[in-house]
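Presented below is the structure to which this report refers.
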Amino acid sequence: MSHQVKGLKEEARGGVKGRVRSGSPHTGDRLGRRSSSKRALKAEGTPGRRGAQRSQKERAGGSPSPGSPRRKQTGRRRHREELGEQERGKAACEGRRKRDERASFKEQTAAPKKEKEIPRKEKSKRQKKPRSSSLASSASGGESLSEEELARILEQVEEKKKLIATMRSKPWPMAKKLTELREAQEFVEKYEGALGKGKGKRLYAYKMLMAKKWVKFKRDFDNFKTQCIPWEMKIKDIESHFGSSVASYFIFLRWMYGVNLVLFGLIFGLVIIPEVLMGMPYGSIPRKTVPRAEEEKAMDFSVLWDFEGYVKYSALFYGYYNNQRTIGWLRYRLPMAYFMVGVSVFGYSLIIVIRSMASNTQGSTGEGESDNFTFSFKMFTSWDYLIGNSETADNKYASITTSFKESIVDEQESNKEENIHLTRFLRVLANFLIICCLCGSGYLIYFVVKRSQQFSKMQNVSWYERNEVEIVMSLLGMFCPPLFETIAALENYHPRTGLKWQLGRIFALFLGNLYTFLLALMDDVHLKLANEETIKNITHWTLFNYYNSSGWNESVPRPPLHPADVPRGSCWETAVGIEFMRLTVSDMLVTYITILLGDFLRACFVRFMNYCWCWDLEAGFPSYAEFDISGNVLGLIFNQGMIWMGSFYAPGLVGINVLRLLTSMYFQCWAVMSSNVPHERVFKASRSNNFYMGLLLLVLFLSLLPVAYTIMSLPPSFDCGPFSGKNRMYDVLQETIENDFPTFLGKIFAFLANPGLIIPAILLMFLAIYYLNSVSKSLSRANAQLRKKIQVLREVEKSHKSVKGKATARDSEDTPKSSSKNATQLQLTKEETTPPSASQSQAMDKKAQGPGTSNSASRTTLPASGHLPISRPPGIGPDSGHAPSQTHPWRSASGKSAQRPPH
Amino acid sequence: MGGSGSRLSKELLAEYQDLTFLTKQEILLSVYVVLAPHLVDDEQQARSGNEHTGRPIAENTDSSPLSTRAHRRFCELLPQEQRSVESSLRAQVPFEQILSLPELKANPFKERICRVFSTSPAKDSLSFEDFLDLLSVFSDTATPDIKSHYAFRIFDFDDDGTLNREDLSRLVNCLTGEGEDTRLSASEMKQLIDNILEESDIDRDGTINLSEFQHVISRSPDFASSFKIVL
């Protein structure tokens with residue numbers, strides 16, 4: 001019963017609306033039709049005029065009766081008009097589609113979807129007719145197209161092209177899209193050629209052809225590009241097993257691999273390969289030779305493994321490079337290239353990280369608003385459609401259920417207070433413990449690095465003593481996070497908050513360790529720098545003695561001292577590079593061993609010992625390991641930080657890292673598929689994605705600092721590396737500018753580097769930042785205000801509508817009358833706005849409207865009291881409570897149309 | 001594979017690329033997934049039938065594997081060599097076969113997805129083009145607008161154009177799975193739906209319509225990344 005009533009209501013309302021809508025432009029359209037088609041177009045284009053347009057189309061189909069005297073005269077025009085019509089129809093269609101997509105509230109609430117679809121189909125059918133006829137007629141008179149027509153066709157063609165381009169984002173079934181596309185393409189092809197004139201025609205056709213070719217090429221290239229993306233299937237496999245969050249790690253890893261490949265290309269192509277090909281060969285000068293003392297052990301594996309011996313004196317490290325300004329027949333400026341590559345490694349990384357961050361944020365608009373929709377997001381966006389594994393799906397069900405329940409409980413007991421003092425005490429205690437851990441680990445690293453400096457002075461140290469730093473750092477990285485997790489159990493945070501804290505703490509641990517390591521290293525460097533002066537003297541003295549020593553035949557010039565025998569400095573840059581190299585390798589090994597032991601062996605144990613064990617191993621204590629996303633991501637990020645820091649001192653480091661990432665891609669893919677189980681609670685991928693990127697950016701910045709510091713303020717070693725002999729490393733820039741560029745360029749550079757110019761530039765940047773910031777703030781404020789306005793409007797309209805709906809339901813027999821009255825009112829307002837000379841045609845129009853509205857036509861002669869609820873249908877009369885509000889929407893509607901300026 | 005690729009004419013392939021967010025490889029792959037088994041098998045069968053016995057092929061369709069319908073259609077259309085290819089693309093693949101794809105197997109909305117994308121009058125099978133539509137909407141590059149549009153239609157269980165309480169509760173049941181232990185109790189369900197309507201139902205008519213839905217979805221940071229299916 002209620003359903004039926006509702007349906008009736010709906011129908012009635014729809015009828016009313018449709019009629020109302022068709023009413024107003026009807027008249028205006030008739031009036032303005034001959035005068036200017038543009039206006040009609042505009043009227044059509046406004047949303048919510050569908051009915052009008054439809055009826056107009058119907059008329060357009062049969063309007064020029066065969067006996068019409070104006071026919072011949074208007075033949076041409078008619079054809080033109082039809083073209084316009086078709087285009088208008090298109091525009092309206094377009095508008096409607098947009099409305100469908102964006103779904104303005106009006107349309108949505110006015111009529112259910114299905115109803116809407118039917119007229120659309122009708123429309124498309126109807127459209128075909130005039131189109132084909134217009135095609136035919138224009139084909140006949142195609143030779144002589146006037147300017148106006150050309151412009152119109154051009155417009156249409158453009159529109160069609162736009163349609164073709166946007167077709168894919170329309171929610172239509174494929175068959176419809178196909179027919180539409182073919183029609184549009186046909187149209188474009190047909191008329192494109194007609195657009196140019198004379199010589200221009202051929203050029204135009206050629207241009208079109210090239211454009212088509214270009215589109216095709218682009219598409220092929222895109223196809224090719226997607227084919228080239230590596231590991232797509234592997235990641236897809238993981239995605240379907242573990243959901244998007246685990247896959248996000250692998251995508252991140254792949255991205256990192258890409259970045260490292262570029263860095264690798266930069267460094268190898270511009271530094272290492274030129275040095276190997278054109279530089280002085282090994283053994284020619286002291287810095288390229290293994291010293292005599294190390295010579296016999298230099299090829300031992302244990303030495304090589306520590307990056308000593310021959311590896312240390314190779315192109316992989318800073319010290320190997322010569323400070324010769326140009327090398328080879330290409331006169332390649334290697335020191336300059338070394339410096340520029342070092343800078344561009346950072347530059348490229350910064351740009352790529354920031355760009356991917358920006359592209360990530362573009363999608364998500366309202367970060368701050370996400371709190372408003374917690375339940376809706378859980379409801380509508382929590383399912384991960386990538387999941388293709390039933391086990392993962394079960395986990396997902398469970399996690400969604402818990403999250404629902406949790407948020408319900410949160411909502412119900414948001415103000416519930418537990419023993420707040422105990423919680424506070426425990427949280428403070430936990431933080432205290434963790435800070436102790438962090439300090440302890442920092443001190444341990446400092447201590448170990450210091451000790452390693454002592455070891456390095458001693459002879460024959462054991463393997464452990466040599467690698468103590470790396471081992472301790474890796475162990476700390478392995479054991480501290482679980483320890484933190486244990487401590488965090490005290491805090492009793494919500495898991496999401498807990499995860500954030502955990503991530504922050506691990507980050508702090510890694511960062512602290514890295515920086516303690518750096519500080520200790522810096523100490524070491526300063527020590528070496530202090531010793532450098534004495535070593536320099538010793539070197540000079542040795543050489544001097546060698547050449548001037550007595551007891552050698554003076555007539556024969558003495559052969560130069562063998563480079564292996566020349567005493568040399570400690571070359572702190574290479575030492576730093578070696579430290580980073582070792583750290584990277586040991587980090588890699590520890591990661592792999594952890595995966596093997598912690599995941600694979602555990603999985604094997606659980607799997608096979610389950611048959612003969614007291615309790616259920618799979619469900620009980622050891623169980624299978626989950627993939628530790630946050631730990632892995634942080635590990636990757638910090639590893640990358642070390643690469644960035646070390647790559648200036650060890651150009652080969654990036655190569656090692658590329659290998660590491662490659663192997664870890666395969667290894668971890670295998671491990672995760674073979675021995676991990678899907679997460680029980682997952683944090684979503686995309687939100688964390690930018691989080692990763694933010695961390696990466698922070699680490700990049702932090703790793704930029706020490707490198708920049710060493711470049712700007714430490715003197716390079718005197719006898720090794722491309723910058724030896726210079727006061728500071730960046731002097732190479734100055735040298736190049738002075739010697740290789742014309743003087744005026746040097747002057748320009750000097751001028752640019754003037755603080756008088758730099759400080760204003762920085763100021764300008766700050767001002768720009770301030771300005772943009774304030775603009776974005778005001779925009780967001782305007783946004784919020786608009787939203788509020790829309791909400792208020794909607795609510796007002798809604799309440800009116802509901803009241804009106806009640807009224808219509810109560811006197812459903814009166815609806816035709818009320819609707820006609822409705823139309824009357826609109827016509828009245830129309831009359832007010834239209835010039836009086838048009839009244840004649842308006843009368844004609846009324847006749848054409850048929851008996852349904854003739855009633856209303858007769859009423860138009862009444863005074864303009866239509867606005868007042870005097871002519872109220874009798875059924876509503878007694879119900880005075882509803883009456884005033886009931887007329888409201890009409891009034892507002894008519895008011896709107898009255899406000900519309902006469903075009 | 002190659003066979004199915006060459007069978008799809010170049011123009012049609014280009015048009016499909018224009019009309020979907022898929023690349024050429026993905027389209028060919030979906031040809032393979034949906035149709036190729038039939039194309040290959042049926043064509044061989046049909047050819048052999050044609051050559052050896054010479055009898056009308058439409059008769060030998062009384063066996064009933066999953067592919068019966070596609071088979072029959074294909075065989076009927078076989079004689080015109082050129083037309084057969086394109087028409088076979090319009091062959092209807094029953095839901096069971098689509099639902100058994102590994103990509104959709106674990107999805108709680110698989111029936112809904114198929115119904116929404118189906119253009120056949122009985123809503124019980126997908127044509128190849130419907131399937132392409134499906135993949136296009138769920139592809140990585142599809143716009144958030146079209147994604148949310150179809151998400152709305154998927155969630156709209158009774159196809160009435162709005163999400164009412166009934167739809168929402170069915171949606172919750174889909175999300176929490178079949179297991180008894182994960183089901184929400186009636187009061188929890190009510191609370192949940194109340195909260196959702198409180199948040200999303202801007203015009204307070206007790207239902208969520210498409211624009212309200214898209215309003216919510218557009219605020220979600222991770223809808224577009226999770227609303228995808230990769231073949």
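Each chain gets a letter, A, B and so on, in the order the sequences are listed, and its residues count up from 1.
The two residues B/Pro108 and A/Tyr397 have their closest heavy-atom pair at CB-OH, 3.5 Å. The heavy-atom pair separating A/Ser376 from B/Val216 by the smallest distance is CB-CG1, 3.6 Å.
The greatest number of non-hydrogen atom pairs below 4.5 Å with chain A, out of B/Ile196, B/Leu175, B/Ile146, is found for B/Leu175. Note: B/Val172 leads B/Val172, B/Val137, B/Thr207 in heavy-atom pairs under 4.5 Å with chain A.
With a threshold of 4.5 angstrom between heavy atoms, B/Phe138 approaches chain A through side-chain atoms but not through N, CA, C or O. Of the atoms belonging to B/Phe155, it is side-chain heavy atoms, and not backbone ones, that fall under 4.5 Å from chain A. Of the atoms belonging to B/Thr20, heavy atoms from both backbone and side chain fall under 4.5 Å from chain A. Looking at A/Gln185, the atoms closer than 4.5 Å to chain B (heavy atoms on both sides) all sit in the side chain, from C-beta outward. For B/Leu168, the parts lying under 4.5 angstrom from a heavy atom of chain A are both the backbone and the side chain.
Between B/Phe227 and A/Tyr385, the angle of the ring planes goes over 60°, which puts this pair in the perpendicular group of the 30/60° scheme.
Within the 6.0 Å centre-distance limit, the rings of B/Phe213 and A/Phe380 are counted as a close aromatic pair.
Distance check, rounded to the nearest 0.5 Å: NZ of A/Lys176 to CG of B/Leu19 gives 12.0 Å. One finds the CD1 atom of B/Ile208 at 7.5 Å from the CE atom of A/Met379 (value rounded to the nearest 0.5 Å).
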Between B/Asp133 and A/Trp172, is a side-chain contact (heavy atoms from CB on, under 4.5 Å) present by the stated rule, with each step listed? CA-CA 9 Å; B/Asp133 273 333; A/Trp172 304 335; over 6 Å; no

